[in-house]
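Chain A is the first sequence line, chain B the second, and so forth, proteins listed ahead of strands; every chain is numbered from 1. Values below: every heavy atom of this structure, side chains too, minus hydrogens, waters and symmetry copies.
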Amino acid sequence: MAGSPFERSRLRPMTGPTESSFDPVAILALRFGAAIRAAVPDAPGEIDPMITPSRQQQFGDFQCNAAMGLAKRIGAKPRDIAQKIVEKVDLADIAEPVTEASIAGPGFINVTLKPDALAALVGKLDTPALGVAPPTNPETVVVDLCGVNLAKQMHVGHLRSTAIGDTLARVFARLGHTVIRQNHVGDWGLQIAMVVWKLAQQTTPGQAPTLDLETIEKLYREAQKETSAGRTGLKIARARQHAKLIAEFEAEVVDADAALDEAKAWLVKLQSGDARAAELWKYVADVTKAACLENCRRLRTAITEESWAGESSYRHDLVPLVDDLVSRGVAEESDGALVIRVEEHGIKEPCMIRKRDGGYLYATTDLAAIRHRIQMLGADRAVYCVDARQSLHFKQVFAAAEKAGYASRNGEVAKLEHAAFGTILGEDGAPFKTRSGETVRLTDLLDEAIERASAVVADKSEGLSKDDVNAIAEAVGIAAIKYADLSSERIKDYVFDFDRMLAFEGNTGPYLLYALVRLKNIFRTASERGVDAEAAMDGAEITIAEPEEKQLALALLRYPGALAATAEALEPYKLCAYAYDLATAFSSFYKNCPVLKAEQPTLGSRLRLCHLTQRVLADALDALGLPTVERM
RNA sequence: GCCCCGGUAGCUCAGUUGGAUAGAGCAUCGGACUUCUAAUCCGGCGGUCGCAGGUUCGAAUCCUGCCCGGGGCGCCA
């Protein structure tokens with residue numbers, strides 16, 4: 001993935017944007033690069049012009065920070081170097097004259113763009129692709145996301161994997177890469193066999209089961225309870241040498257063992273293809289899948305049936321995979337188990353792939369999945385959108401996969417990345433639970449968000465039909481929840497707070513939706529007043545006169561870089577921050593720069609700015625996976 | 001015990017490769033609606049960047065040690 005052209009001029013490849021680019025950072029990097037070469041011919045190594053947007057408006061639009069580092073390397077005074085650069089740099093066509101007065105502090109060189117040059121750059125951005133160039137090196141990216149388990153309803157913990165994973169997938173796709181979403185469903189193993197066992201007890205052979213997911217989940221819990229009863233208690237009783245309790249718990253454990261044996265028997269049936277077991281398993285899988293996909297649909301994600309890639313799909317790969325690892329000496333025995341040592345990757349804990357009893361583990365299936373994704377699906381990059389608590393697991397598995405050669409295809413090693421995220425907390429700072437201490441179902445969470453949004457929408461939106469209010473409330477509620485999840489660094493925990501995310505003020509999803517509505521409203525109003533916006537924009541020159549127009553223009557030009565930076569860092573918050581910046585720049589513009597009241601040529605220019613802003617904002621919201629509305 | 005992550009304004013968060021006077025939002029205080037919808041905009045207030053050393057012309061950022069919070073550590077997934 002290329003670096004952000006706006007934020008890291010250093011990473012710009014030699015074949016990158018040229019003078020024809022719309023990107024002011026790229027253009028200034030070329031000009032200052034040439035100036036530095038001329039000013040300091042004996043500068044050692046690579047020259048990085050270090051162009052960045054100015055932090056504060058008083059320092060101009062952009063700055064070149066190269067003089068200080070250069071001076072350090074060659075033992076000169078920073079301001080002298082800056083002076084030489086200023087003398088050599090040629091910005092006549094694009095910026096206000098750069099003089100000694102442009103040098104500030106220890107050697108910053110401040111640059112202010114000419115309004116007409118800025119306008120011309122915005123004009124170049126005004127294309128169907130909105131300045132996003134096709135990738136020089138298109139990749140196939142697998143995104144592991146959602147991560148549900150069979151026989152369980154989705155809960156609040158699935159929100160992050162689903163929302164963040166889908167957003168990253170959308171951003172990759174928007175940048176022109178090929179994206180494959182993979183929902184690595186926990187649908188195999190003893191846990192699932194337990195459910196099948198309980199379901200077999202509840203249903204008559206030859207009769208199709210009719211239980212819903214909630215009931216199936218109860219069976220799952222019962223199975224868990226029955227097979228583990230007494231075990232913990234026995235340990236404690238033995239530690240305390242409490243004879244009576246030991247006897248009681250021992251009796252419980254005898255029952256639990258019997259239950260476990262039954263579950264294991266069903267696991268064997270499942271593994272050997274027993275028809276009844278397969279039928280019940282498929283029923284549980286279908287019910288779970290339907291519920292999961294419904295949640296994914298409500299969340300406006302592109303996670304579909306095609307993304308369903310359960311652990312069970314690797315079940316026939318495990319034996320040959322382990323054989324392969326053993327025969328090539330990648331895996332070795334340890335205390336009767338089979339492990340892959342990854343100390344050479346700086347990880348002390350070995351990656352266990354087979355238990356002493358011959359059972360396979362989470363890591364075994366993950367290795368099979370990596371091999372499949374890289375070598376069969378053709379992934380150049382695999383991104384795992386999974387809870388941060390699994391970070392050691394992924395370090396081990398990634399290292400083991402590389403050691404085994406499973407991460408390579410045609411000699412090229414694919415990138416394996418864990419896009420780890422933190423926990424959603426309740427107001428008490430503990431993992432988010434209901435008042436009664438149970439996990440929060442995702443459907444309930446979405447319902448409540450929409451219900452709360454509905455109250456506000458009904459209050460604020462007059463003259464809308466009930467259907468409109470419902471549709472708007474749903475979009476606002478979903479956008480609020482998703483934006484709250486996407487808008488801070490992945491790795492951080494955050495406190496789930498309906499009041500804050502639905503306050504509709506400041507950096508929230510609804511604010512962005514509202515900005516888009518205002519943009520659309522300009523064109524709707526134009527139409528109502530008989531103003532032909534298309535005609536007014538046709539052939540109109542963009543002019544940048546007011547400060548608000550300038551800030552809006554500068555924000556627009558940052559869009560492709562914001563997308564690239566988001567993909568590079570696997571951080572949706574970067575795109576959120578960009579969208580919010582753009583929306584605030586537009587809101588100021590909207591307040592201070594009348595559009596429809598203006599006369600030509602200002603009317604045409606501002607309409608074009610609005611039209612471009614509308615398209616960029618809508619594009620960004622689409623990449624974030626946020627639903628939008630026409631009115632609110 | 002070892003390892004990973006976090007600690008920045010009252011609260012929620014940004015802070016790019018080490019760069020200027022550390023920025024936003026919320027809250028609070030004060031302004032702006034005969035409007036292209038005020039779910040908005042403009043301004044004020046608010047900071048020992050967890051602590052202590054070190055490197056540097058320059059440190060929230062890099063190094064070392066420590067403190068606080070969370071998580072993980074081969075036979076679960």
Visitor: Any side-chain N or O of A:Lys460 less than 4.0 Å from the OP1 or OP2 oxygen of B:A38?
Guide: no
Visitor: Can A:Phe59 be said to stack with the base of B:A20, given centres closer than 5.5 angstrom and planes under 30 degrees apart?
Guide: yes
Visitor: Would you list the protein and nucleotides 25-29 of chain B atom pairs, both N or O, that sit under 3.5 Å from each other?
Guide:
unit_1, atom_1, unit_2, atom_2, d
B:G25, O2', A:Asn507, N, 3.3
B:A27, OP1, A:Glu505, OE1, 3.4

Visitor: Please figure out whether A:Ala337 or A:Ser54 has its closest RNA chain B nucleotide nearer the 5' end.
Guide: A:Ser54
Visitor: Which letters describe nucleotides 57-62 of chain B, given B = protein heavy atom under 4.0 Å from base, S = only from sugar-phosphate, - = neither?
Guide: BB----
Visitor: Do the side-chain N or O atoms of A:Gln390 get closer than 4.0 angstrom to the phosphate oxygens (OP1, OP2) of B:A77?
Guide: no
Visitor: Residues in side-chain hydrogen bond (donor to acceptor under 3.5 Å, both in side chains) with A:Arg354, at least two apart?
Guide: none
Visitor: Tell me whether the OP1 or OP2 atom of B:C73 has a side-chain N or O from A:Lys395 closer than 4.0 Å.
Guide: no
Visitor: Quick one, A:Val111 and A:Ile51 - any side-chain contact, counting heavy atoms below 4.5 Å?
Guide: no
Visitor: Check whether the side chains of A:Tyr384 and A:Asp366 place a donor and an acceptor atom closer than 3.5 Å, and report yes or no.
Guide: no
Visitor: Would you mind checking if A:Arg452 and A:Asp499 are paired as a salt bridge, meaning a charged N to carboxylate O distance below 4.0 Å?
Guide: yes
Visitor: Using a strict cut-off of less than 4.0 Å between a Lys/Arg side-chain nitrogen and an Asp/Glu carboxylate oxygen, indicate whether A:Glu349 and A:Lys395 qualify as a salt bridge.
Guide: no
Visitor: Output all residues satisfying side-chain hydrogen bond (donor to acceptor under 3.5 Å, both in side chains) with A:Lys520, sequence neighbours left out; order by chain, then residue number.
Guide: A:Glu630
Visitor: Can you name the residues that form a ring pair (Phe, Tyr, Trp, His ring centres under 6.0 Å) with A:Phe32, not counting sequence neighbours?
Guide: none
Visitor: Using 4.0 Å as the upper bound for N to carboxylate O, is an ion pair formed by A:Asp257 and A:Arg231?
Guide: yes
Visitor: I want to check something: taking the side chain as every heavy atom from C-beta on, are A:Leu190 and A:Met194 in contact at a cut-off of under 4.5 Å?
Guide: yes
Visitor: Under 4.0 Å between a Lys/Arg side-chain N and an Asp/Glu carboxylate O for A:Glu343 and A:Lys348?
Guide: no
Visitor: Could you pull out all residues at least two apart from A:Gln58 that satisfy side-chain hydrogen bond (donor to acceptor under 3.5 Å, both in side chains)?
Guide: A:Gln56
Visitor: Angle between ring planes, A:Phe394 versus A:His418, binned at 30° and 60°: parallel, tilted or perpendicular?
Guide: tilted
Visitor: Both A:Thr525 and A:Gln63 contact RNA chain B. Which one's nearest nucleotide lies toward the 5' end?
Guide: A:Gln63
Visitor: Using heavy atoms and a sub-4.0 Å distance, could you list which residues of residues 357-370 of chain A are near RNA chain B? By number, please.
Guide: A:Tyr360, A:Leu361, A:Tyr362
Visitor: Contact list please: residues 583-591 of chain A against RNA chain B, heavy atoms, distance less than 4.0 Å, in numerical order.
Guide: A:Ser587, A:Ser588, A:Tyr590, A:Lys591
Visitor: Mind checking side-chain hydrogen bond (donor to acceptor under 3.5 Å, both in side chains) for A:Glu599 and listing every partner two or more places apart, or none if nothing turns up?
Guide: none
Visitor: Can you label the angle between the A:Phe586 ring and the A:Phe589 ring as parallel, tilted or perpendicular, going by 30° and 60°?
Guide: tilted
Visitor: Is a salt bridge present between A:Arg221 and A:Glu217, judged by a nitrogen-to-oxygen distance below 4.0 Å?
Guide: yes
Visitor: Give the stems involving RNA chain B, where a stem is 3 or more consecutive Watson-Crick or G-U wobble pairs (i with j, i+1 with j-1, and so on) under 3.5 Å.
Guide: B:1-7 with B:67-73, B:10-13 with B:23-26, B:28-32 with B:40-44, B:50-54 with B:62-66
Visitor: Tell me: CZ of A:Arg518 to P of B:U40, nearest whole Å?
Guide: 8 Å
Visitor: Do any of residues 475-485 of chain A sit with a heavy atom less than 4.0 Å from RNA chain B, and if so which?
Guide: none
Visitor: In chain order, what residues pass the ring pair (Phe, Tyr, Trp, His ring centres under 6.0 Å) check against A:Tyr360, with sequence neighbours excluded?
Guide: none
Visitor: If you compare every side-chain N and O of A:Lys492 against the phosphate oxygens of B:G7 (OP1, OP2), does one of them come in below 4.0 Å?
Guide: yes
